Amino acid sequence: MSITEQEWQKEQERVDRVTSEVKKRTEHLHEQVGIVKADIVEIRKNFWDDVKVNFENAIEAAETVASMRQQSEVLGERERQHRHAQKELKNLLRLEQTPYFGRIDFSEPGEGMQEIYLGIASFFDEQSEEFLVFDWRAPVSSLYYDYSPGPAKYETPGGTVEGTMELKRQFIIRDGVIKSLFDTGVTIGDELLQEVLGRHSDAQMKSIVATIQKEQNRIIRNERNRLLVVQGAAGSGKTSAALQRVAYLLYRYREWLSADQIVLFSPNDMFNSYIATVLPELGEENMQQTTFQDYLVRRLGRVFDLEDPFQQMEYVLTRMGEQGYEARVEGIQFKASVGFMRLLERYAEQLGQGGMVFKNLRFRGEQVVSSEQIAAKFAEYDPAISIPNRMRFLTEWLLLELETAAEAEVEKDWVQEEIELLDSEEYLKAYQHLRKKKRFRENTFDDFDRERKVLGEMVVRRKFKSLRTGVKRLKHLDVSAMYRQLFADRELAGSFGVELPEHFAEMAGQTVEKMREGELFYEDATPYLYLKELLEGVEMNTKVRHVFVDEAQDYSPFQFAFLKRLFPHAKMTVLGDLNQAIYAHAQKADGFGPLADLYPAEETELIVLRQSYRSTRQIVDFTRKMMPGGEQIEPFNREGEEPTVTQAENEADLTGNVLDRIHQLQAEGHQTVAVICKTAEESRAAHERLKEHVEVKLISKETVHFEPGLVVIPAYLAKGVEFDAVIIYNASQEQYGRESERRLFYTACTRAMHELHLYYIGAPSMFLA
């Protein structure tokens, strides 16, 4: 529907009015912020002047504490006011530039027509007592994303509101000026998407609130399900929708939910940097962001040198000809399975009946409590009691044994030598400590023998401290030996009713050898931690209410089951693309099926996103042919250049061709250009050749910040990130010639927004047929 010049002028006048009111509120708020800030500075400066400090007796002390508490509460209240005002100020400054992006005219039966304008935050005009702008997360705003003009309804906490949408209008407003204005149907109009998607990429992911599609809105506003699984094609907006979902939840449950009760597991630290500005753009704090590897390192990093998923990936992609390769890949797949999880549970049950392995407790090189004694004591406890509870009883017994052992040490010669080495400061500290405990009443030690005995007890207690701490942390339990034992004995491993891999013996040898070197394969980390918790007790986080897992296809069924145990009270949102399942364990995985099995069917929802928005229609048409079932992926109708495939004669010719293309892309104004290689090894070699001619950055697993410009990056690190233009450095059959590499190749090609160029030496990859 065309919009008349008169309508356009009327809409611009409204924009002018809203921005004017926003500016007034901004100026007023600036004054308030200044006053509150001055108050905070003054209170902090004079805090102790305004507090009556007197501890002479109980009454005076109580008054002092009350005075301090009152002053702290005043300070805390001012600081809260300042934080709230600063947050509102940020929203107002955004509204000043772009007050809103959408309008719907909605009428309820028996009610008048209501014009509803949607922006990134609400704006209430106190004079007219009306909302000039509604927050995009408000219940009524869902009409904009879900309906075309005609009958419509939306859900509120009080029930369903039904009515008729008379108009749905979209705006592109920049610096308070309407640049574009159009009426649209059910989907967010092509004009707005074309404008947004046609921009150049930069170092940060942007908010998509103005272009949320109906399916994405289902993801964002889902409140019913404990498990929400999003299977989305490359570039379908999975991650963007997930971040808007976080913002929606923080808005919807703002009285009960805070950002620190939401956790996002992302693929790597660079990706965390890439998405870091989305929630602050929407006026919300960032949730907790981590990687699964970071969690594993926190739990096991003191005991083992842990392999990370990228090292595992490099091995799988580069060591095909090595002896033991097939056994290792089999082991990766086996240890990722729910079957192996069940095997560990049955193994732990058997250990509870007999076979637990303990370490000797030693002090100054001598045995205090032997592993046999510990095992015998553990065997005395009722097997009906859980293993973790029996371990608690055992810990109490060991602490008593250590007390007895410590008493026996006091009279030994080494203790007297330690006392002689005490300097005056330590001596005084010991004396004051003992006086506090009323072990001495006089001003000095009054008896030489008594003095030596008491100091001896202190010396011994100090020396025994690390041993006692170790017992409390269950360091006497040899989990490592029990995990190795499972692989050292095929008969034992095969006795639990789980089918073992064909090359089990070779795989088991690799596992045991790695552990003897103080290292742990990535595929062993989660199972090892699981066995440890079966024996010691589960570490749970009951505070977290929502867990988001991005690039979920990279997680094994075992890892998902572990996450469910770790966050027992949390709802889980997982986002992935099975076409980008590039890790070895995924080759035999049954998609997201095992994940759905963890929750009741009525508490689970699967949403499939088939439309790809990232890339031009030409790039989507090109890449979807690489994947079985790729015809289901729907390109957004944004035109662009056809991808190119170019043969190079040799390495030098390849480098020359790539450099020519880089110069052309930079001349065209592309801000992010990625040369994508298969592995880190190939990336380093390509970077060495290119850096002599252009300014280029090498991205590695250690890279923390995503920056615009020209980068060389391994394909598996590029997941989740997008670039204006992508160059596949060597798309040859030699590099991408195995079926197991199809998804990696597809992932690399789908990073491109506007242009995709592939080069190869020799024969092209079979995936380009």
Side-chain angles (χ1 to χ4, degrees), residues 226-227 229 265 292-293 295-296 299-300 304 306-307 309 312 328-353 355-356 386-388 479-480 482-490 492-502 504 507-508 510-512 515 520-541 547 549 552-568 570 572 574 576 581 583-600 604:
R226 280 190 67 202
L227 173 65
V229 180
F265 283 90
F292 194 70
Q293 179 68 9
Y295 175 75
L296 293 175
R299 294 290 307 275
L300 298 174
F304 294 105
L306 293 182
E307 180 187 54
Q312 185 198 78
R328 172 83 196 274
V329 172
E330 266 189 12
I332 291 171
Q333 293 168 348
F334 176 63
K335 293 168 184 173
S337 67
V338 174
F340 186 52
M341 188 177 191
R342 299 291 168 253
L343 187 153
L344 287 176
E345 289 168 354
R346 292 162 196 166
Y347 177 45
E349 284 177 23
Q350 186 186 95
L351 289 171
Q353 303 302 318
M356 294 277 279
S386 71
I387 297 174
V479 180
S480 180
M482 286 180 280
Y483 191 77
R484 287 198 310 270
Q485 179 177 274
L486 184 63
F487 293 98
D489 186 345
R490 184 189 178 98
L492 172 65
S495 67
F496 299 109
V498 176
E499 185 180 350
L500 301 181
E502 181 184 346
F504 178 84
M507 176 267 285
Q510 293 171 347
T511 304
V512 171
M515 292 182 71
L520 204 60
F521 286 131
Y522 179 67
E523 63 267 24
D524 281 303
T526 307
Y528 180 92
L529 197 50
Y530 188 62
L531 178 63
K532 181 178 168 70
E533 291 197 346
L534 288 173
L535 302 176
E536 296 181 357
V538 181
E539 179 181 286
M540 292 182 181
N541 186 321
V547 173
V549 181
Q553 73 280 351
D554 296 344
Y555 288 72
S556 70
F558 200 140
Q559 288 171 328
F560 273 120
F562 188 85
L563 283 175
K564 184 174 182 283
R565 274 166 55 97
L566 177 59
F567 301 103
M572 193 176 285
V574 303
Y583 285 92
H585 68 73
Q587 301 300 323
K588 289 190 176 180
D590 183 22
F592 293 127
L595 171 59
D597 292 341
L598 295 173
Y599 294 85
T604 302

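Keep in mind it's a predicted model, so treat the numbers as computed, not measured.
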Review point. Between Glu307 and Arg328, is a salt bridge (Lys or Arg N to Asp or Glu O under 4.0 Å) present by the stated rule, with each step listed?
Key: CA-CA 14 Å; Glu307 180 187 54; Arg328 172 83 196 274; 2.8 Å; yes
Would you say that [X] contacts [Y] through its side chain, given a criterion of any heavy-atom pair below 4.5 Å between the two side chains?
{"X": "Ser337", "Y": "Phe558", "value": "no"}
{"X": "Leu343", "Y": "Leu500", "value": "yes"}
{"X": "Met356", "Y": "Leu535", "value": "yes"}
{"X": "Phe562", "Y": "Met341", "value": "no"}
{"X": "Leu227", "Y": "Leu598", "value": "no"}
{"X": "Phe496", "Y": "Gln350", "value": "yes"}

Exercise for review: Please name all residues satisfying side chain to side chain contact (heavy atoms under 4.5 Å, CB included) with Pro309, sequence neighbours left out, ordered by chain then number.
Suggested key: Gln293, Tyr522, Tyr583
Point to revise | Residue list, side chain to side chain contact (heavy atoms under 4.5 Å, CB included) with Ala336, at least two apart or on another chain | key: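 By the side chain to side chain contact (heavy atoms under 4.5 Å, CB included) rule, Ala336 matches Ser556, His585.
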Point to revise | Stepwise salt bridge (Lys or Arg N to Asp or Glu O under 4.0 Å) check, Glu539 with Arg565 | key: CA-CA 8 Å; Glu539 179 181 286; Arg565 274 166 55 97; over 6 Å; no
How long is the straight-line distance from [atom2] of [Y] back to [atom1] of [X], given to the nearest 0.5 Å?
{"X": "Leu351", "Y": "Leu531", "atom1": "CG", "atom2": "CG", "value": "7.0 Å"}
{"X": "Tyr295", "Y": "Leu300", "atom1": "OH", "atom2": "CG", "value": "8.5 Å"}
{"X": "Met482", "Y": "Tyr528", "atom1": "CE", "atom2": "OH", "value": "8.0 Å"}
{"X": "Asn541", "Y": "Leu563", "atom1": "CG", "atom2": "CG", "value": "11.5 Å"}
{"X": "Leu492", "Y": "Arg490", "atom1": "CG", "atom2": "CZ", "value": "12.0 Å"}
{"X": "Gln510", "Y": "Asp524", "atom1": "CD", "atom2": "CG", "value": "10.0 Å"}

Mark yes or no for whether [X], through its side chain, and [Y], through its backbone, hold a donor-acceptor pair below 3.5 Å.
{"X": "Tyr483", "Y": "Lys532", "answer": "no"}
{"X": "Arg484", "Y": "Val512", "answer": "no"}
{"X": "Gln559", "Y": "Thr526", "answer": "no"}

Considering all heavy atoms of both residues, which atom of [X] and which atom of [Y] are nearest to each other, and what is their separation?
{"X": "Pro501", "Y": "Met507", "answer": "CG-CE, 3.9 Å"}
{"X": "Ala584", "Y": "Val329", "answer": "CB-CG1, 4.4 Å"}
{"X": "Ala525", "Y": "Leu296", "answer": "CB-CD1, 3.8 Å"}
{"X": "Leu534", "Y": "Leu344", "answer": "CD1-O, 3.8 Å"}
{"X": "Val547", "Y": "Ala570", "answer": "CG2-CB, 3.8 Å"}

**Study point:** More than 12 heavy atoms of other groups within 6.0 Å of Glu499 CD
**Key:**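 Counting other residues, nucleotides and ligands, CD of Glu499 stays at 12 neighbours or fewer.
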Exercise for review: Can you sort out the partners of Phe504 under ring-ring contact (aromatic ring centres under 6.0 Å, His included), two or more places apart, ordered by chain and number?
Suggested key: none
Exercise for review: Decide side-chain contact (heavy atoms from CB on, under 4.5 Å) for Arg226 and Met572; before the verdict, give the C-alpha distance in whole Å, the side-chain angles of both, and the deciding distance to 0.1 Å.
Suggested key: CA-CA 6 Å; Arg226 280 190 67 202; Met572 193 176 285; over 6 Å; no
Review point. Yes or no on side-chain contact (heavy atoms from CB on, under 4.5 Å) for Phe567 and Met540, after CA distance, side-chain angles and deciding distance?
Key: CA-CA 6 Å; Phe567 301 103; Met540 292 182 181; over 6 Å; no
Practice item. For Leu595 and Thr604, run side-chain contact (heavy atoms from CB on, under 4.5 Å): C-alpha distance rounded to whole Å, both residues' side-chain angles, the deciding distance at 0.1 Å, then the answer. Key: CA-CA 10 Å; Leu595 171 59; Thr604 302; over 6 Å; no
Practice item. Take Thr511 and Leu486, measure what side-chain contact (heavy atoms from CB on, under 4.5 Å) needs, and give me the verdict at the end. Key: CA-CA 10 Å; Thr511 304; Leu486 184 63; over 6 Å; no
Review point. Can you check whether Phe592 and Phe560 have ring centres sitting under 6.0 Å from each other?
Key: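 Phe592 vs Phe560: aromatic centres not under 6.0 Å.
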Check your understanding: Going by atom types only, do Tyr347 and Gln485 share a side-chain donor-acceptor pair under 3.5 Å?
Key ->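 Side-chain D/A pair, Tyr347 to Gln485: present.
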Review point. Between Glu330 and Lys335, is there a side-chain N and carboxylate O pair less than 4.0 Å apart?
Key: no
Review point. With a 4.0 Å cut-off, would you call Arg342 and Glu345 a salt bridge?
Key: yes
